[in-house]
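Please read the structure below before turning to the comments.
We name chains A, B, ... by the order of the sequence lines, and we start the count at 1 in each one.
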Number of protein chains: 2
Amino acid sequence: MAIGRSPSVKDVAAAAGVSLGTVSNVMNRPEVVSPATRDRVERAMAELGFVRNESARQLRAGTSRTLAYVMLDGSNPFFHDVAQGIELAAEDADLSLFICNSNARADREALHLDRLMQQRVQGMLITPVDPESPHLADVARRGIPIVLVDRVAPGEFCSVAVDDVLGGRIAVEHLVEQGHERVAVIGGPESLGQVRERLEGARQFWSEQGLPPEDLTFMPTAAMTVAEGRSAGERLAGIPARRRPTAAFCANDLLALGLLQQAIGSGLRIPDDLAIVGFDDIEFAAAAAVPLTSVRQPRQELGKAAAQLVLEEAAAATHRHRQLTFTPELVARASTRSH
Amino acid sequence: MAIGRSPSVKDVAAAAGVSLGTVSNVMNRPEVVSPATRDRVERAMAELGFVRNESARQLRAGTSRTLAYVMLDGSNPFFHDVAQGIELAAEDADLSLFICNSNARADREALHLDRLMQQRVQGMLITPVDPESPHLADVARRGIPIVLVDRVAPGEFCSVAVDDVLGGRIAVEHLVEQGHERVAVIGGPESLGQVRERLEGARQFWSEQGLPPEDLTFMPTAAMTVAEGRSAGERLAGIPARRRPTAAFCANDLLALGLLQQAIGSGLRIPDDLAIVGFDDIEFAAAAAVPLTSVRQPRQELGKAAAQLVLEEAAAATHRHRQLTFTPELVARASTRSH
DNA sequence: CACGGCGCCTGAAACATTTCAAACACTCGA
DNA sequence: TCGAGTGTTTGAAATGTTTCAGGCGCCGTG
């Protein structure tokens with residue numbers, strides 16, 4: 001219960017009547033110290049309330065025992081599930097996980113990257129605002145392993161993502177199977193690779209089926225949020241009933257939830273008047289008033305795999321970047337099934 | 001672009017032809033070094049790609065530039081909004097924020113606390129699994145400022161929370177105003193102080209109004225999750241219509257969303273057949289199919305205040321623990337308003 | 001008895017930074 | 001020309017840990 005600065009190895013050594021090195025050995029290679037001594041040291045540590053100073057250890061070791069994840073958007077539960085997966089893997093490797101949130105702002109992201117480099121983290125996982133940002137390349141150039149999550153930059157970095165083209169395809173395939181002939185694809189901004197690819201998958205399937213291209217409408221949004229989903233719903237309602245899509249594929253679940261809410265609010269029946277498919281399959285999708293059909297990403301697996309990749313890169317002397325691609329899966333629920 | 005270990009102050013000094021101390025001064029007190037030298041040093045830093053080693057700085061300084069937040073449940077958006085508030089305050093103080101997630105498990109919480117102590121964080125903010133846990137006291141005993149968020153432990157720690165008794169009161173007051181005469185209070189486990197206090201507030205108001213106590217039913221749940229909300233809904237449906245509550249006050253929004261979903265799914269009209277009030281006012285509450293009336297906690301403010309409190313405790317030589325209490329506010333939406 | 005080997009422990013060096021007293025080089029005024 | 005003062009730079013010490021070569025004492029073997 002000593003006040004003042006917290007006790008150091010030196011204090012413990014003095015209290016136990018041994019040298020610094022012995023105390024260190026008790027902590028790091030207990031097998032080389034005799035049981036009697038070990039016991040004495042351990043007692044001293046407990047008594048003084050010794051807590052190892054991680055900075056000093058790190059300084060000496062040259063590297064930290066920490067991984068970092070820079071999230072794109074803390075308000076999207078999807079990223080928390082990914083984080084959960086990362087944390088599991090980090091725990092297995094006995095590493096701590098530092099979670100940051102860029103809130104989709106490039107300046108915050110850069111700030112976080114900078115701090116993390118100063119901390120000498122072992123590796124970084126990131127869903128970047130822009131996969132081409134020079135900041136990412138900076139990190140890599142310094143030899144810090146970096147893995148993109150839910151984004152891809154072939155050749156440049158390792159990455160873990162889902163096959164978005166396939167995701168778009170199965171979403172629309174499901175809607176066509178349910179008999180829909182006019183479908184809206186909702187998402188944006190178009191600068192997002194994911195949005196482009198999911199749309200592409202949708203279009204591929206559509207043209208393979210020989211369906212008229214003008215019956216697959218792309219409705220761009222400014223962001224992937226609930227609010228934007230609502231506003232897309234209003235735009236949708238403005239289309240004359242004859243030409244209005246009977247189904248919508250949203251590029252993520254937040255958009256889909258917004259759309260769902262707006263549609264119900266204006267008296268539409270789901271799925272009879274409007275069927276909705278989301279993407280990500282976040283927990284709230286299943287819990288929505290009309291449970292949401294969604295294209296599931298294996299969220300936790302994504303995180304786990306990313307963490308393993310970053311550890312692999314950290315361990316290997318020589319390393320070749322890899323792009324891991326997971327297969328998305330359609331989870332059909334009431335928002336597309338009429339009976 | 002040197003490979004091998006990353007450049008140190010020494011390397012920069014050599015490159016710029018100055019001493020270690022000068023390089024350090026350029027970083028920490030630029031005003032004392034002549035513009036010419038400063039320029040030379042800065043050029044050398046850029047050229048070598050120098051990144052300050054935070055471990056060494058910390059070791060020397062004796063304290064880190066980091067705050068930590070140990071979240072109780074990463075899947076509840078409420079805590080993310082709190083985290084956001086904390087981060088804002090941390091940014092103002094030029095500190096990094098370390099976010100951990102205990103997932104409501106005491107062992108994970110203890111592990112995190114331990115690691116954070118080893119990191120010598122400046123202070124901790126935590127929504128603990130159990131406010132009475134000896135681990136928390138351990139931290140405090142070591143002189144690390146610690147502030148409870150959304151929990152209270154008078155005398156022991158500083159804390160920031162909302163007046164839960166008042167929150168329960170206004171929720172039920174609102175329902176009574178809407179003409180309801182039989183109300184269910186849903187939440188649990190009862191070991192949660194919050195649940196007890198929100199229930200107490202509800203009962204206080206109920207008895208003040210002279211309403212029959214048996215018409216205010218407490219329905220305990222095993223946890224505060226969407227799934228538990230659904231199951232509470234099923235239990236509610238099992239009550240004979242004559243005696244069934246016409247309104248429910250849920251101890252958080254996740255429960256309320258689960259209940260809402262179950263109720264809609266079984267054909268009830270909200271709010272005509274069942275009115276629902278949640279607690280927390282998370283973002284998804286407003287976005288629910290029937291927008292949810294909720295007792296708003298000033299989530300971001302909570303986080304901000306907690307961070308300020310912890311910084312205050314860190315700065316002050318002498319400190320007396322304080323319990324900050326915020327006032328909750330009812331946000332009425334469609335789930336309780338019939339027109 | 002001498003000696004190698006073994007088990008256990010010690011002490012010093014190294015890690016990258018900050019701080020601070022002291023040194024240094026000028027300039028100005030007396 | 002000297003001294004004081006000012007502005008800038010230096011070098012060494014200190015932070016807490018880990019590692020590693022070496023030392024000490026003891027046992028068993030030759």
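Contact annotation: A:S55 does not reach the phosphate of D:dG16 (side-chain N/O to OP1 or OP2, under 4.0 Å). Regarding contacts with the backbone of D:dT18, a side-chain N or O of A:N28 is found under 4.0 angstrom from either OP1 or OP2. Between A:T22 and C:dT10 there is a side-chain polar atom (N or O) within less than 4.0 angstrom of OP1 or OP2. Phosphate contact (OP1/OP2 of C:dC8, side-chain N/O of A:R38, threshold under 4.0 Å): absent. Remark: A:S34 is in phosphate contact with C:dC9, judged by side-chain N or O atoms under 4.0 Å from OP1 or OP2.
In this structure, NE2 in B:H319 is found 5.0 Å from NE2 in B:H321, a value given to the nearest 0.5 Å. Residue B:C158 holds its SG atom at 5.0 Å from CD of B:E313, rounded to the nearest 0.5 Å.
Looking at heavy-atom distances under 4.0 Å, B:S19 makes contact with a base. Within 4.0 Å of B:S24, counting heavy atoms only, lies at least one base atom of the nucleic acid. Within the nucleic acid shown, B:V18 comes within 4.0 Å of sugar-phosphate atoms alone, with no base atom in reach, counting heavy atoms only.
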With salt bridge (charged side-chain N to carboxylate O under 4.0 Å, His left out) as the test, would you mind laying out the steps for B:D150 and B:R299 before giving the verdict? CA-CA 9 Å; B:D150 204 37; B:R299 301 161 269 150; over 6 Å; no

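One atom, CD of A:Q118, and another, P of C:dT17, lie 10 Å apart when rounded to the nearest Å.
The residue among A:A36 and A:L20 whose nearest nucleotide of DNA chain C lies closer to the 5′ end is A:A36. Nearer to the 5' terminus of DNA chain D, by closest-nucleotide assignment, is the contact made by B:P35 (compared with the other of B:P35 and B:R120).
Closest to the A:A56 side chain, of the nucleotides D:dT19, D:dG16, C:dT19, is D:dG16. For B:R60, the side-chain atoms get nearest to C:dT19 when compared with the rest of C:dC9, C:dT19, D:dG16. Side chain of B:V33, nearest nucleotide from D:dT9, C:dT10, D:dT17: D:dT9. Of the candidate nucleotides D:dG16, D:dT9, C:dT17, D:dG16 has the atom nearest to the side chain of B:L59.
Side-chain contact of B:R57 with A:Q118: a donor-acceptor pair under 3.5 Å is absent, judged by distance alone. Between the side chains of B:Q308 and B:D92, no donor-acceptor pair of N or O atoms lies under 3.5 Å.
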